Amino acid sequence: MPTQKSVSHERVREKAEIVDGEGLRRAITRIAHEIIERNDGAKDLVLVGIRTRGVPIAERLAQKIREFEGIELPVGALDITLYRDDLQKIAHQPVVSGTDVPTSIDDKIVVLVDDVLYTGRTVRAALDELIDLGRPKAIQLAVIVDRGHREIPIRADFVGKNVPTSKREVIMVHVSEVDELDGVSIGEILP
Amino acid sequence: MIGTRKDLLGLEDLAPEEIVSILDTARTFREVLDRPIPKVPSLRGLTAANLFFEASTRTRLSFELAEKRLSADTVNFQTSGSSVSKGESLKDTARNIEAMGIHLVVIRHQSSGAPHYLARNLDAGVINAGDGTHEHPTQGLLDIFTIRERRGKVAGLRVAIIGDIAHSRVARSNIWGLTKLGASVTIAGPSTMMPMEVERFGIKVAKSVEEAIEGADVVNILRIQLERQRSTLYSSLREYARVYGITSARLKGAKPDVTVMHPGPMNRGVEIAQDVADGEHSVILEQVTNGVAVRMAVLYLLAGHKAPDESAAEHPMPKETKKAHGEPSLHPRR
């Protein structure tokens with residue numbers, strides 16, 4: 001089973017909503033506060049979202065940080081497709097939609113943003129790509145859901161919600177920019 | 001779709017959406033080329049062989065660079081200094097290459113259809129880097145990519161292609177690709193260099209260069225292939241330059257923001273005047289950079305192919321490749 005952001009053709013049955021739209025907005029607000037607190041403000045920060053859903057989440061974090069600190073942070077988008085470690089294993093080459101980091105990340109603190117942290121392989125690929133783009137002073141990781149089952153030693157600095165899961169389950173983070181509604185739900189892969 | 005293809009042999013076989021997907025993917029790689037470290041690990045562990053049975057500098061360099069930017073290992077093979085000069089057949093060369101565990105083969109060959117032959121006999125993916133007078137699909141793709149990036153679209157554009165159309169694989173690939181994407185193509189050049197049956201391609205033949213350029217969005221100037229011309233298809237280079245050479249005076253008939261292209265290497269002062277080659281409308285060096293991105297896209301997309309058994313039926317030989325001079329339907333009028 002592909003463990004990265006692959007186009008999975010498995011059928012999934014949605015079981016329950018575990019965070020509603022309001023809860024998701026609160027989690028993003030809290031993470032924005034934590035980012036500011038950890039970095040003593042928002043100076044030299046760059047937010048980089050991992051495509052697809054990491055990008056709107058990064059944009060929302062930037063909006064919150066602008067409200068709190070009055071600083072406009074650059075927001076970039078990372079497409080990790082070309083850095084996947086399973087390209088030789090999956091059926092067809094996935095569509096690449098492109099990386100767009102509009103600013104130099106040299107000597108900046110990059111906050112990498114994604115919806116779900118699972119095996120850690122996506123983040124591994126993203127770290128490799130970031131390092132090819134420049135030499136940041138530090139990289140931090142913000143995710144909406146940490147669902148466990150890490151396959152490589154990676155941890156998040158900012159977590160919206162820890163959700164213990166089984167590997168048969170799926171976590172779906174919905175953001176209105178992509179999915180027309182906000183919230184997190186848990187589903188089950190149908191056999 | 002391109003994701004299920006093993007080979008890229010020509011633009012004639014591609015559906016418009018396949019061409020668009022290659023161009024979209026190439027845009028991603030164009031961004032990669034601008035990075036401080038212009039390299040991605042996507043083809044790590046794969047090996048590409050560049051087989052050049054015909055002299056080439058920029059196409060071979062461009063492919064090799066594309067392969068390296070994708071982290072593939074590369075081996076190069078040129079006719080001189082290889083076993084081909086010792087009489088080895090194309091099939092045996094190919095088998096040897098396969099026995100070495102090569103995944104992607106880039107081939108340039110003087111005979112139309114040689115890449116098709118390899119494609120049918122190899123499990124490896126085959127990319128045509130120019131076969132005889134048949135096609136040069138990656139050049140066609142990079143020209144169309146450059147047009148699309150410059151002008152924002154392809155459909156509805158007026159593209160003039162000037163020069164030896166009948167013997168040009170670059171022209172053929174351009175014509176297939178451009179017409180599939182909805183551009184209108186007009187060709188001009190000496191009548192000995194015009195193809196027959198132009199209706200088949202849905203293109204227009206202009207009576208003069210001036211007529212072809214009139215109102216054009218893009219002027220693609222082909223190279224006069226001094227080395228490929230055995231018989232005299234025009235009286236002299238000076239005569240060619242006078243009647244068909246693209247000068248800034250001739251270019252005035254085109255759109256004011258016309259895009260001027262040339263696949264290189266240029267014969268300055270023959271098919272293209274010095275000031276046009278280096279002028280504000282010229283995108284000739286951009287074509288070179290884009291070429292690497294487009295080839296990366298093709299290599300990346302073909303590397304995803306995982307079912308080598310379905311390829312044989314998919315790629316028939318181009319029609320009439322047994323004839324020495326490519327497709328008879330495109331033979332020059334004599």
Side-chain angles (χ1 to χ4, degrees), chain A residues 1-2 4-9 46 48-52 55 74-108 110 121-137 139 152, chain B residues 1-6 8 17-18 20-48 66-73 101 103-104 124-125 145 149 293-294 296-310:
Chain A
M1 192 179 80
Q4 293 186 356
K5 286 186 171 300
S6 59
V7 191
S8 142
H9 297 294
V46 178
V48 176
I50 300 176
R51 284 192 198 274
T52 306
V55 180
V75 178
L78 215 53
D79 181 336
I80 56 102
T81 310
L82 299 171
Y83 287 78
R84 289 170 61 140
D85 60 13
D86 59 351
L87 274 181
Q88 309 310 326
K89 289 189 191 143
I90 50 184
H92 297 307
Q93 297 299 71
V95 173
V96 286
S97 33
T99 284
D100 179 18
V101 178
T103 172
S104 164
I105 58 168
D106 285 347
D107 302 316
K108 298 285 172 56
V110 174
R121 287 178 195 266
T122 298
V123 174
R124 193 283 309 164
L127 291 174
D128 278 356
E129 180 158 17
L130 275 181
I131 285 160
D132 280 355
L133 294 178
R135 189 182 183 283
K137 187 159 86 187
I139 303 175
I152 37 182
Chain B
M1 282 312 291
I2 187 80
T4 63
R5 274 181 194 274
K6 179 172 87 71
L8 175 68
E17 13 346 322
E18 290 181 290
V20 169
S21 101
I22 297 171
L23 301 181
D24 288 344
T25 307
R27 187 174 283 160
T28 300
F29 288 113
R30 191 66 191 74
E31 177 270 318
V32 170
L33 293 176
D34 289 332
R35 294 183 185 178
I37 298 173
K39 186 168 174 136
V40 289
S42 319
L43 297 195
R44 229 166 14 149
L46 297 187
T47 306
E67 290 150 5
K68 291 189 163 151
R69 298 285 192 233
L70 288 167
S71 306
D73 292 316
H103 305 89
L104 288 160
F145 179 82
E149 294 302 297
V294 165
M296 285 172 82
V298 169
L299 288 159
Y300 168 77
L301 291 168
L302 293 183
H305 174 84
K306 293 294 174 332
D309 45 293
E310 58 185 302

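Convention: sequence-line order gives letters A, B, ...; per-chain numbering from 1. Predicted model only: the values in this text are computed from it and were never measured.
When all heavy atoms of A:Gly134 and B:Pro36 are compared, the pair lying nearest together is N-CG, 4.4 Å. Taking all atoms of both residues into account, the shortest heavy-atom contact from A:Ser97 to B:Thr28 is C-OG1, 4.1 Å. Across all their heavy atoms, A:Tyr83 and B:Arg35 have their closest contact at OH-NH1, 3.1 Å.
Taking B:Pro38, B:Gly45, B:Ser42 one by one and counting their heavy-atom pairs under 4.5 Å with chain A, the maximum is reached by B:Ser42.
The shortest distance between side-chain heavy atoms of A:Leu82 and B:Val32 falls below 4.5 Å. With contacts defined as side-chain heavy-atom distances shorter than 4.5 Å, the pair B:Glu31/A:Thr99 qualifies.
Only the side chain of B:Leu46 comes within contact range of chain A, with heavy atoms under 4.5 Å apart.
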